[in-house]
Peer 1: 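One structure, pasted below without further comment.
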Protein chains: 2
Amino acid sequence: MNSKKNTEADILKAAKKIFIQHGYAGARMQAIADEAKINKAMLHYYYRSKEALFGRIMDGAVDLMSQQFRKALSGTAPVMDKLKALISSYTDTINQNPYIPIFILNEIARNPINFQSKMQRKLEEENVLQNFMLQIMEEQEKEILRPLPIPQFMLTVMSLIVFPHIAKPVFVRVFGISDAGYAGMMEDRKELIYEMMQKTMTL
Amino acid sequence: MNSKKNTEADILKAAKKIFIQHGYAGARMQAIADEAKINKAMLHYYYRSKEALFGRIMDGAVDLMSQQFRKALSGTAPVMDKLKALISSYTDTINQNPYIPIFILNEIARNPINFQSKMQRKLEEENVLQNFMLQIMEEQEKEILRPLPIPQFMLTVMSLIVFPHIAKPVFVRVFGISDAGYAGMMEDRKELIYEMMQKTMTL
DNA sequence: GTCTATATATGGATAGAC
DNA sequence: GTCTATCCATATATAGAC
């Protein structure tokens, strides 16, 4: 049996862990090799360079995120229903991949143009974001949704959904919460966020 | 005239810019020297090491943030009034120092324990945070505020206040907003955030 | 495919002249 | 206090044996 696939996958898994933990500049190829229990040279054999390897990990993260948006925001359901789906699926996904938001944020700071083009390409495939924003405007005209600039609307939802996962490292320390406890809080927040949007964004 | 003070301050200013832009691991001493228009050796002459220099910058950022909390949350005003003050002063401060939140966030990821001890020491000086949380509980008992676990309450406020500044790099690109336009949005959000808290957190 | 050894580059830090 | 030159450790990347 050929062990190629295993090594290749092992490297990806290790790289994901190390890059997410330390960011691009802080990550060491040696640390990735150690984590994958293989030799440093293997990293280059399979992925040629640090930048290339990092790109693979970032692609995976972008895929994961854009998938959430596509699944939740496509179709013809009312805006508030779509939001409910987004809140739920995003929370579940991040609970399983806790450090993805921070990782993505670092990359945005490091190389905003590269990140945005990756993300936008994904979302433009089916015009997901564009269509959703049009739908918001429609519902605003129909006086279902409160008239509010689209960026403000989007910013508000994303704040409530994403920030708690970014701030996790602080909050667990300040309030002495366990990982499981925090995940539970995130679960409770699903309803809280929906309720807040309902009370403040609908007419 | 002695130019010592100028150089020393120049370095700090340059270091702030470079560290904030690239994070600790990504920042280069050479880049800081270039930015300050002095020699690399000078950095070590004044601040001995990269880590020490970074520490100074971080201290400044922590000071700035903890000051906001102390000013807004001390005293005997009702919780909602304090929040209004916090929303306003925090927004103003960040509009003038746009990348502080991302910088702090990166440091939390890099060295959570060190950061938290710095921050906590600042806030413990006058028991700011502790007292504020007690006040929230009091108002919850008096049925002014909705009964909600304190961490959830804090997480919600902080999400609405902080996240928009973190997400700025993405949003300006996705929506094609100028820096001034974004600052304006943040200004508008002051009222929006207060209103959301009012509608969803008070009884 | 996998390893050891090594090349090459870069970054932080120091020595020493002025 | 400021500079040039240099040291030394570390990091990425490659060569070449097995």
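As the structure is a prediction and not an experimental result, all values here were calculated from the model. Side chains are part of it too, since the values below use all heavy atoms of this structure and drop only hydrogens, waters and symmetry mates. First the proteins, then the strands, lettered A, B, ... as listed; each starts at 1.
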Peer 1: Are A:Glu124 and A:Arg121 within salt-bridge range, i.e. N to O under 4.0 Å?
Peer 2: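 No, no charged N to carboxylate O under 4.0 Å.
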
Peer 1: Is any NZ, NE, NH1 or NH2 atom of the basic residue among B:Asp34 and B:Lys40 found under 4.0 Å from an Asp or Glu carboxylate oxygen of the other?
Peer 2: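 Result for this pair is no, no salt bridge flagged.
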
Peer 1: How would you summarise protein contacts on nucleotides 13-18 of chain D per nucleotide, using B for base, S for sugar-phosphate only and - for none, with heavy-atom distances below 4.0 Å?
Peer 2: BB----

Peer 1: Specify the separation, in whole Å, of atom CD1 of A:Ile18 and atom C1' of D:dA11.
Peer 2: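 Rounded to whole Å, this separation is 15 Å.
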
Peer 1: At 4.0 Å (heavy atoms only), tell me whether B:Ala52 reaches a base, stays on the sugar-phosphate, or touches nothing.
Peer 2: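 No contact.
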
Peer 1: Mind calculating the distance between NE2 (B:His22) and C1' (C:dT10) to the nearest angstrom?
Peer 2: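 Computing the B:His22:NE2 to C:dT10:C1' distance gives 16 Å.
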
Peer 1: Identify, with sequence neighbours excluded, every residue that meets side-chain contact (heavy atoms from CB on, under 4.5 Å) alongside B:Glu35.
Peer 2: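 Checked B:Glu35 against side-chain contact (heavy atoms from CB on, under 4.5 Å); matches are B:Ala14, B:Lys17, B:Ile18.
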
Peer 1: Which nucleotide wins on minimum distance to the side chain of A:Thr7, given the candidates C:dC3, D:dT2, C:dT2?
Peer 2: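 The answer is C:dT2, which lies nearest to the side chain.
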
Peer 1: Quick one: B:Asp34 CG to D:dC3 P, roughly how many Å, whole number?
Peer 2: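 Result: 12 Å.
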
Peer 1: Write down the distance between NZ (A:Lys37) and C1' (C:dG1), rounded to a whole number of angstrom.
Peer 2: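 Distance, rounded to whole Å: 19 Å.
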
Peer 1: One thing to verify: whether A:Arg110 and A:Glu51 come together as a salt bridge, which I'm taking to mean a side-chain N less than 4.0 angstrom from a carboxylate O.
Peer 2: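 The answer is yes: the pair qualifies as a salt bridge.
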
Peer 1: Identify whether the distance between the nearest side-chain nitrogen and carboxylate oxygen of B:Arg146 and B:Glu141 falls below 4.0 Å.
Peer 2: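 No.
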
Peer 1: In terms of side-chain heavy atoms of B:Arg28, which of D:dG1, C:dG11, C:dG1 is nearest?
Peer 2: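 Of D:dG1, C:dG11, C:dG1, C:dG11 is nearest to the side chain of B:Arg28.
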
Peer 1: To the nearest Å, how far apart are B:Ile11 CD1 and C:dA13 P?
Peer 2: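 Rounded to whole Å, this separation is 13 Å.
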
Peer 1: Give A:Ala25 one of three labels, base, sugar-phosphate or nothing, depending on what nucleic acid heavy atoms sit under 4.0 Å from its own.
Peer 2: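 It contacts nothing in the nucleic acid.
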
Peer 1: Do B:Lys37 and B:Asp10 sit within salt-bridge range, that is, some charged N less than 4.0 Å from a carboxylate O?
Peer 2: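 The answer is no: the pair does not qualify as a salt bridge.
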
Peer 1: Atom NZ of residue position A:Lys199 - does it have more than 12 heavy atoms of other residues, nucleotides or ligands inside 6.0 Å?
Peer 2: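 Correct, the count exceeds 12.
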
Peer 1: From CD1 of B:Ile38 over to C1' of D:dT4, roughly how many Å is that when rounded to an integer?
Peer 2: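 In whole Å, D:dT4 C1' and B:Ile38 CD1 are 14 Å from each other.
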
Peer 1: Rounded to whole angstroms, how far apart are OH on B:Tyr47 and C1' on C:dG12?
Peer 2: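 Those two atoms, OH and C1', are 18 Å apart.
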
Peer 1: To the nearest Å, how far apart are B:Met42 CE and D:dG1 C1'?
Peer 2: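 Atom-to-atom, B:Met42 to D:dG1, this comes out as 5 Å.
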
Peer 1: Quick one: do B:Lys190 and B:Asp92 satisfy salt bridge (charged side-chain N to carboxylate O under 4.0 Å, His left out)? Show the steps, please.
Peer 2: CA-CA 10 Å; B:Lys190 286 183 182 174; B:Asp92 294 344; 2.8 Å; yes

Peer 1: Quick one: which protein N/O atoms are closer than 3.5 Å to N/O atoms of nucleotides 7-9 of chain D? Pair and distance per line, please.
Peer 2:
none

Peer 1: Would the B:Phe175 and B:Phe171 ring centres measure less than 6.0 Å apart?
Peer 2: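 Ring centroids of B:Phe175 and B:Phe171 are less than 6.0 Å from each other.
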
